Amino acid sequence: MKVASFNINGIKARLPAVLDWLQEAAPDVAILQEIKTVDAGFPREPFEDMGYNVETHGQKSFNGVALISKLPLEDVVRGLPDPEGAGREGADDEEARYIEATVVGARAVRICGLYLPNGNPAPGPKYDYKLRWMERLEARAKALLSQEECFLMAGDYNVIPQAEDAARPEAWTDDALFLPETRAAFRRLVNLGLTDALRARTLAPEFYTYWDFQRGAWARNDGIRIDHFLLSPQCADLLEDCRIDKEVRAREKPSDHVPIWVSLAA
DNA sequence: ATGGTAGGGATCCTA
């Protein structure tokens, strides 16, 4: 089972590019972030024509996530459950950043698609929201781990985990993506027992997933690694490969992110 | 220290 994640930065502007990539990469499941439209505005038909099921959790203008799958998407939950919501599922978040569903291939895998808040400027209310959101994500991971679920959490984390994950780490020292508190929250999540799939497959640096539209970042390879796949122990057992489709960034009308994907024996 | 580019959709916000 091939599962991909791609921050497309607007489905309306990116539809041809996303369809071209889907056609050739042919993931079984795709997790999309920043669809930047309400559910009714998402162009389902071209995806369904390619044999994909579509589930969206959209929002006007900003954010928005979607799951695209050749296998049925079961038990869909929209919105990150609030740990203080006493079991209430979804819809606790005014921003559409999270969607979960189960796909059943050779094995059942719970797919958690996320678009973690950027958090800039830091400090400030946006950064507070980012840290609260990371706490809620950690609580969700704990709940799924306690059930010994085979699951993965993938998407745009807006977290640069380590200095080697940035071409110019010194440029990010005061940024919400790289502040010590941000990286500590990400480590707490990983240290629950999750596997960073890219790092599990290679120790080589320079696996960036994002290059800013500004300042010629792509031309200078001034990138950062902020899109991640974190796998539960049961899911990590099935990990065959993890790669980044870097060449997608060089195409016509690219997103500022590129796809990252895992291959699972599932 | 600043501003550079892109998307959405409205003449500005977010990244």
Side-chain angles (χ1 to χ4, degrees), chain A residues 5-21 30-44 46 56-66 79-80 93-98 113-134 137 154-161 165-179 181-183 185-186 208-228 245-260:
Chain A
S5 170
F6 190 6
N7 181 324
I8 59 174
N9 194 2
I11 188 59
K12 293 171 186 175
R14 210 70 61 218
L15 185 59
V18 171
L19 293 177
D20 285 350
W21 164 72
I31 304 161
L32 306 180
Q33 300 91 38
E34 286 206 89
I35 63 174
K36 292 186 171 183
T37 181
V38 293
D39 294 333
F42 191 90
R44 310 171 62 92
T56 60
H57 180 37
Q59 176 185 338
K60 187 181 178 184
S61 306
F62 307 117
N63 311 315
V65 288
L80 182 57
D93 206 330
E94 63 274 18
E95 300 186 3
R97 297 181 171 276
Y98 188 85
L114 64 100
Y115 175 48
L116 210 144
N118 176 294
N120 281 305
K126 290 190 175 184
Y127 191 55
D128 295 340
Y129 175 61
K130 177 178 194 154
L131 294 178
R132 277 205 315 279
W133 209 96
M134 294 184 84
L137 185 64
D156 178 359
Y157 279 75
N158 271 313
V159 174
I160 304 167
D165 296 313
R168 294 186 306 123
E170 69 278 6
W172 298 91
T173 47
D174 297 323
D175 194 284
L177 279 61
F178 193 56
L179 282 172
E181 213 173 342
T182 303
R183 297 194 284 137
F186 185 78
Y208 309 138
T209 63
Y210 169 92
W211 295 260
D212 201 303
F213 286 127
Q214 304 179 68
R215 295 179 294 263
W218 168 247
R220 296 186 291 128
N221 194 29
D222 182 9
I224 50 177
R225 186 174 79 99
I226 55 173
D227 299 84
H228 310 295
D245 291 336
K246 182 176 181 177
E247 73 285 354
V248 171
R249 187 64 176 77
R251 296 182 183 176
E252 282 293 303
K253 250 179 114 58
S255 170
D256 40 5
H257 295 251
V258 296
I260 173 175

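Every chain is numbered from 1, with letters handed out A, B, ... down the list of sequences. Treat the numbers as computed from the prediction; the structure is a model and nothing was measured. Excluded from the calculations below are hydrogen atoms, water molecules and symmetry mates; all remaining heavy atoms, backbone and side chain alike, are included.
Taking the C1' atom of each, B:dT11 and B:dG7 are spaced 15 Å apart, rounded to whole Å. Between B:dA15 and B:dG9, the two P atoms lie 15 Å apart (nearest whole Å). Across the C1' atoms, B:dA10 and B:dT14 are found 14 Å apart, a figure rounded to whole Å.
Listed pair A:K253 / B:dA6 fails the phosphate criterion, with no side-chain N or O lying under 4.0 Å from OP1 or OP2.
What separates CG of A:L15 from P of B:dG8 is a distance of 11 Å, to the nearest Å. Per the geometry, CD belonging to A:Q33 stands 17 Å off P belonging to B:dG7, to the nearest Å. Note: CD1 (A:I35) to P (B:dT14) measures 19 Å, nearest angstrom. Across the protein-nucleic acid pair, A:K60 atom NZ and B:dC13 atom P stand 15 Å apart, rounded to whole Å. As rounded to whole Å, 12 Å separates atom P of B:dG9 from atom CG of A:N9. Here the C1' atom of nucleotide B:dG8 and the CD atom of A:E95 are 15 Å apart, to the nearest Å. Taking atom OH of A:Y210 as the reference point, atom P of B:dT5 lies 14 Å away to the nearest angstrom. A straight line from CG of A:N63 to C1' of B:dT14 spans 9 Å, rounded to a whole angstrom.
Screening A:N63, A:L80, A:V65 for a side-chain contact (heavy atoms from CB on, under 4.5 Å) with A:Y98, the sole residue that qualifies is A:L80.
No side-chain donor-acceptor contact under 3.5 Å links A:K253 to the backbone of A:P16. Side-chain atoms of A:Q33 do not come within 3.5 Å of backbone N or O of A:Y115 as any donor-acceptor pair.
Residue A:F213 places its side chain closer to B:dA6 than to any other of B:dA15, B:dG9, B:dA6. Distances from the side chain of A:R14 to the nucleotides B:dA15, B:dG8, B:dA6 place B:dA6 closest. The side chain of A:R97 has B:dA15 as its nearest neighbour among B:dA15, B:dG8, B:dT14. Closest to the A:K36 side chain, of the nucleotides B:dG9, B:dA15, B:dG7, is B:dG7.
Along DNA chain B, the nucleotide nearest to A:D156 and the one nearest to A:G10 differ in position, and the one closer to the 5' end is contacted by A:G10. Sequence order on DNA chain B of the closest nucleotides to A:D212 and A:N118 puts A:D212 first from the 5' end.
Residue A:E247 qualifies as enclosed at atom CD: its count of foreign heavy atoms under 6.0 Å is above 12.
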field: side-chain hydrogen bond (donor to acceptor under 3.5 Å, both in side chains) between A:N9 and A:K36, worked out
entry: CA-CA 7 Å; A:N9 194 2; A:K36 292 186 171 183; 2.8 Å; yes

